[in-house]
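What follows is a set of notes on a single structure, which appears directly below.
Quick note on labels: first sequence line is chain A, next is B, and so on, each numbered from 1.
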There are 2 protein chains.
Amino acid sequence: MDFEKEFRIKPSESVSLKKRETKTKGPFEDKADAVAATEKNIATIQELQYRMYVEAKQSLLIVLQAPDAAGKDGVIRKVLGKMNPQGCRTYPFKVPSSVELAHDFLWRIHSCTPARGKVAIFNRSHYEDVLVVRVQNLVPESVWRPRYEIINDFERNLAANGTRILKFYLHISPEEQLERFRKRLENPAKHWKLNPGDYEARSQWDDVRRAYEDAFERCSTKYAPWYVIPADHKWFRDAAISSIVAKTLSEMDPKFPPVDVDLDEIRRLYDLAKDAQKI
Amino acid sequence: MDFEKEFRIKPSESVSLKKRETKTKGPFEDKADAVAATEKNIATIQELQYRMYVEAKQSLLIVLQAPDAAGKDGVIRKVLGKMNPQGCRTYPFKVPSSVELAHDFLWRIHSCTPARGKVAIFNRSHYEDVLVVRVQNLVPESVWRPRYEIINDFERNLAANGTRILKFYLHISPEEQLERFRKRLENPAKHWKLNPGDYEARSQWDDVRRAYEDAFERCSTKYAPWYVIPADHKWFRDAAISSIVAKTLSEMDPKFPPVDVDLDEIRRLYDLAKDAQKI
């Protein structure tokens, strides 16, 4: 199964989240089968991330958006966080601070985009400004409506500068979400995650879903595609995302740069040091 | 073996790096034995880091300093980088930029210190300003000499605000360093790391060693101790550092905060949602 092709939203494609599956096993026999595939993908990602870091020409931006409990933290801990932290950073975008609100909505985002050779992972992102901001009427429509184009322009600029962009939506069913809420209630170590607001969000779900669908339809571009990943099975979610990241890095094909030091000179210095040590 | 006690520099202790061992097996039979201990320590670190993140009261700052090829990158990749990236960031401090140089030497450092609940790992640090800066006469002695006290004051401020500070020096022998340089020469994937300057640094080693010793004697405090870790065996280095980090986190004893939501209310909301789903 070509996960990249299967779950990518084509530019201007009409999107109905209700019609897209949340629970699939894909090509996998069972969980163990998917976990093995994920491990293999992670090894590929680690190798290619190292090359990208040394090459220092291209960068990778991974955006994660999802309803509560859909598994953003899990994907970071179990898949994306396996990258070498020297070349990879995670940025959570929470409620904006007063300083952030005093600027345009992309200001805090732009300061976190990855430098050449680096990976950035956004846990939530600038898309909140056309999602929660829209649904909760935090700004008037005349403000949020133009943001789809502003986002496309922004992402085009990043892409033109050598940044590959992957945007993942973790798609879980309301039933699976409720089941995860139940597990949180039963596990005291997860009680800090409990929030009455989670249930309020469920009652707004129709509006949120429409906002997501609009974002996917308007902002899934050739240079910054959206992927809607079935996420009811955590192991399928991890396998699909790791596969798409590994495939993308393979396409980017980072290479060790030509060595710009004189190897003979280094060998001479080494021999001198070796001789000096013997004395 | 209590690594924490064994390798800590006591305040005002006189330090001779030549007299401190670089190659020890400590309590370990062999490499496999040490690797098993490291794995156990990492599991402890992961559990306690999660608690610290949720608690959001204390923070941890880990400083790494070492000669070239001593293994800073390896420690980050194999030990410290196993922490959850959502609560842990690595900061490399390279040659300062022109903007950084236009400020005091702690300006760029302070902007990277860990927030409550977080861990920061410094790959090199403010200590470069009393090491390379001193040895290469980048500023006059009247500028670098007062920095030991300035650093102590700075670190005391961080500690007073709930930041635990661990400073590790990876101590390798010149022979082991040269051996690692040889391995780099033989491995094309490592050629990007080759630098004639590495050999120049070896010729300055007596000066650099004295600068390190001064930093350890003056800046190993109760609230921000230096540890000199024997690093000729990578597996010993990893076991010792992971042990000290695990012990420190245990002492910090982070706790899940009391749940400030009304559990009965959450249960009621859950039941309502469950009922609604059945309809």
What residues of [range] make heavy-atom contacts with chain B at a cutoff under 4.5 angstrom?
range                       : answer
residues 42-60 of chain A   : A/Tyr50, A/Tyr53, A/Val54
residues 268-276 of chain A : A/Leu269, A/Tyr270, A/Ala273, A/Lys274
residues 167-175 of chain A : A/Pro174, A/Glu175

Contact class of A/Asn195 relative to chain B, heavy atoms under 4.5 angstrom: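 Only the backbone of A/Asn195 comes within 4.5 Å of chain B.
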At a heavy-atom separation under 4.5 Å, does A/Gln277 approach chain B through its side chain, its backbone, both, or neither?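 It is the side chain, since no backbone atom gets that close.
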Please check if atom [atom1] in [X] has more than 12 non-hydrogen atoms from other residues, nucleotides or ligands closer than 6.0 Å.
X        : atom1 : answer
A/Glu200 : CD    : no
A/Arg182 : CZ    : yes
B/Lys78  : NZ    : yes

Can you tell me which residue pairs pass the side-chain hydrogen bond (donor to acceptor under 3.5 Å, both in side chains) test with a partner in residues 89-103 of chain B, sequence neighbours excluded? B/Glu100-B/Arg108
Looking at A/Leu185, A/Leu80, A/Asp260, which one has more heavy-atom pairs under 4.5 Å with chain B than the rest?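 The candidate making the most pairs under 4.5 Å is A/Leu185.
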Counting heavy-atom pairs under 4.5 Å with chain B, which one of A/Asp73, A/Ile121, A/Val259, A/Leu178 comes out on top? A/Leu178
Look at B/Glu179, B/His191, B/Gln86 and state which one has the largest set of heavy-atom pairs under 4.5 Å with chain A.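 Between B/Glu179, B/His191, B/Gln86, the count favours B/Gln86.
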Taking every non-hydrogen atom, the tightest pair across [X] and [Y]:
X        : Y        : value
B/Pro85  : A/Ile76  : CG-CG2, 3.8 Å
B/Leu263 : A/Leu194 : CD2-CD1, 3.4 Å
B/Val261 : A/Pro196 : CG1-CD, 4.1 Å

Rounded to the nearest 0.5 Å, what's the gap from CZ on B/Phe256 to NZ on A/Lys190? Could you check?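 Taking CZ in B/Phe256 and NZ in A/Lys190, the distance rounds to 8.5 Å.
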